[in-house]
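We're numbering straight along the sequence, starting at 1. First listed ligand is number 1; within each ligand, the first listed atom is number 1. Below, all heavy atoms of this structure are taken into account, side chains as well, without hydrogens, waters or symmetry copies.
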Amino acid sequence: MKKIITQAILATALFYLIGSCSVVDQDKNVAEDITKPNIVIIYLDDLGYGDVGTQGATAINTPNMDRLANGGIRFTNGYASSATCTPSRYALLTGTYPWRKANARILPGTAPLLIDTSEWTLPKMLLSQGYHTGIVGKWHLGLGRGNVDWNEHISPGPNEVGFDYSYIMAATQDRVPTVYIENGGVVGLDTSDPILISYEENFEGEPTGKDNPELLTMKWHHGHNASIVNGIPRIGYMKGGESAKWKDEDMADEFLNKAQAYVKAHKEEPFFLYYALQQPHVPRTPHPRFVGATELGPRGDVIAEADWMIGEFLKTLETEGILQNTLVILTSDNGPVLNDGYYDKAVELNGAHQATAGLRGGKYSLFEAGTRVPFFVHWQGMIEPKVSDALVSQIDLMSSLGSLIGLDQRFADSEDLIDVFMGKSDEGRDELILEASSRTAYRCGDWVMIPPYDGPAINDWVNIELGNSSEYLLYDLGNDPGQQTNSANDQPELLSQMIERYKEIVGQHKMNGSQLDLK
Ligand code: NG6
Ligand code: CA
């Protein structure tokens, strides 16, 4: 009898739980005293939830990230939209779930622009409201229309989807072309030494990581065995463009300088800066002044380096007198990975450091560490510091920031959570779809459901559990943040309701068979 009653109570509770998941709160208001602050998104690449001091790291000092975390809202349930880069960045900039978009997966350096130039984007929205908009750092959303001539003006790109100014690397630090591109032009290019790029085949006579190990200063572990630039073997083949090639060790300073210059040039008008740092993605190449900053080797050192850059950047906002008028958001495009394809001692020197903060999985994974990332929102004088457990996603920034500056519009999958981001409410999302390499999972309240997927349970290269299983997985994150107990069998009703709602949202989205894409 007792059991039946308990079940009845549980079923009622589930009804409310699931019921609440389909309700979107439309009554969120913007505080009246907010007009048009500058907005900066500091976006790290592969920074884990536990890589930040405030969130448990002791082997890396991150005083500047801590300053943002402790002086603003620190979200404990803040998510990137995907467990890899391109899809997360696509979602951040469009407010659209990446699994809705064909080809929103890790892109090669030759991929065409993923964002349609007719799509609404975060920078376009801000542009339409009188903001100046800039991006400095990693792009990785494709360029051109499929056959880019790197020696001509490269278009469409960031400048065609809402950025007034762009200073970017095309894809990733480990992919060619290894050059900076400013407003569509390769920086420092000597036209008598034109750039040729291919992801299909090598150019005759060019050394590769595979065939010329003697030329390498960093060794590849998996992938990364094509063209060699600065002694580092990359993904993809490149010939020419010698004078334009970046120096890996200087990249962090280069992006910082450009970000600072952007702020100085636009401090008189409202501006939006998307400052997309390359750390701690591979290849990890700290400037010599950060080598040995930690005992974790290059992975720890580049996080210390990134932290320093963030500190210098904040100082610039301060000395220019605009820190109090600038909303700063810091987050990461996906979770952490130690060995992501080079021998750089990230695994060997890791010691007790927990980049995942004990969450399961990591980059590429549907488990929590794939997408639950550092997520801090800071606005000196306007946001009261606090820790919030509200469920928020980077996808929500677009509608929320629109709402902040007075727009009464919701974009795509982006919810208006401005009151949550401003610390006035802890009512975040009710539900969220998580994504990893085109596979999706469903979170509702504290519960997360991962449907069955083919494919290996672990990716041996990166040594990360991917979340593939022949069974449904169901976890109560409130009591089991490390996802150790699969409750699917104990909670059949909850499971079936969650599956139903999940299917309602993802619709025709391919729910099975997607594999980890490491191309
Ligand atoms: C993978 C790379 C990995 C990294 C990742 C993109 C191999 C074997 N692995 O394909 O090193 O570059 O793509 O990372 O090549 S992301 O953060 O930009 O999504
Ligand atoms: Ca990344």
Got a salt bridge between D116 and K101, using NZ or NE/NH1/NH2 to carboxylate O under 4.0 Å? no
Could you tell me whether R89 approaches ligand 1 through its side chain, its backbone, both or neither, with non-hydrogen atoms closer than 4.0 Å? neither
Show which atoms of ligand 1 fall inside a sub-4.0 Å distance from at least one heavy-atom site of T172. 18 (O)
So, are D340 and R299 salt-bridged, with charged N and O less than 4.0 Å apart? no
When you compare ligand 1 with T84, is there at least one nitrogen or oxygen pair between them that comes in under 3.5 angstrom? no
Tell me whether D66 contacts the main-chain N or O of T54 through its side chain, where contact means a donor paired with an acceptor under 3.5 Å. yes
Starting from the Ca ion (ligand 2), count all protein N, O or S atoms within a radius below 3.0 Å. 5
Salt bridge between R289 and D253, side-chain N to carboxylate O under 4.0 Å? yes
Backbone or side chain, does any N or O of T86 fall under 3.5 Å from an N or O of ligand 1? no
Indicate yes or no: at least one non-hydrogen side-chain atom of V420 is less than 4.5 angstrom from one of D396. no
Taking only non-hydrogen atoms of C85, do any sit less than 4.0 angstrom from ligand 1? yes
Considering the heavy atoms of D174, write down every atom of ligand 1 situated less than 4.0 Å from one of them. 3 (C), 4 (C), 11 (O), 12 (O)
With distance as the sole test, does T84 use its side chain to make a donor-acceptor pair with the main-chain N or O of A436 at under 3.5 Å? no
Which of the ligand 1 atoms, numbered from 1, are nearer than 4.0 Å to a heavy atom of I106: 5 (C), 6 (C), 13 (O), 19 (O)
Where does D340 meet ligand 1, judged by heavy-atom distances below 4.0 Å: at the side chain, the backbone, both, or neither? both
Those atoms of ligand 1 less than 4.0 Å from some heavy atom in I235: 15 (O)
Counting heavy atoms only, which of R175, H140, Q173 comes nearest to atom 13 (O) of ligand 1? R175
Can you check which of W220, W461, Y364 brings a heavy atom nearest to atom 2 (C) of ligand 1? Y364
If the cut-off is 4.0 Å to any non-hydrogen atom of H222, which atoms of ligand 1 fall inside it? 8 (C)
Within 6.0 Å of CD in E348, more than 12 heavy atoms from elsewhere: yes
Numbered atoms of ligand 1 (with element) below 4.0 Å of H224, judged on heavy atoms: 7 (C), 9 (N), 11 (O), 15 (O)
My understanding is that only one of Y167, F255, Y180 makes a ring-ring contact (aromatic ring centres under 6.0 Å, His included) with W246; could you say which? Y180
Could you measure the distance from the CD atom of Q55 to the CZ atom of R74? Nearest 0.5 Å is fine. 4.5 Å
Could you tell me, atom by atom, which parts of ligand 1 come under 4.0 Å of a heavy atom of N334? 17 (O)
Return the CG to OG distance between L466 and S365, rounded to the nearest 0.5 Å. 6.0 Å
Output the list of atoms in ligand 1 that are nearer than 4.0 Å to some heavy atom of D45, sorted by atom number. 17 (O)
Counting distance only, does the side-chain N/O of T440 pair as donor-acceptor with the main-chain N or O of E435 below 3.5 Å? no
Under-4.0 Å salt bridge between D333 and R89: yes
Between H140 and L107, is there a donor-acceptor pair closer than 3.5 Å when you use the side chain of the first and the backbone of the second? yes
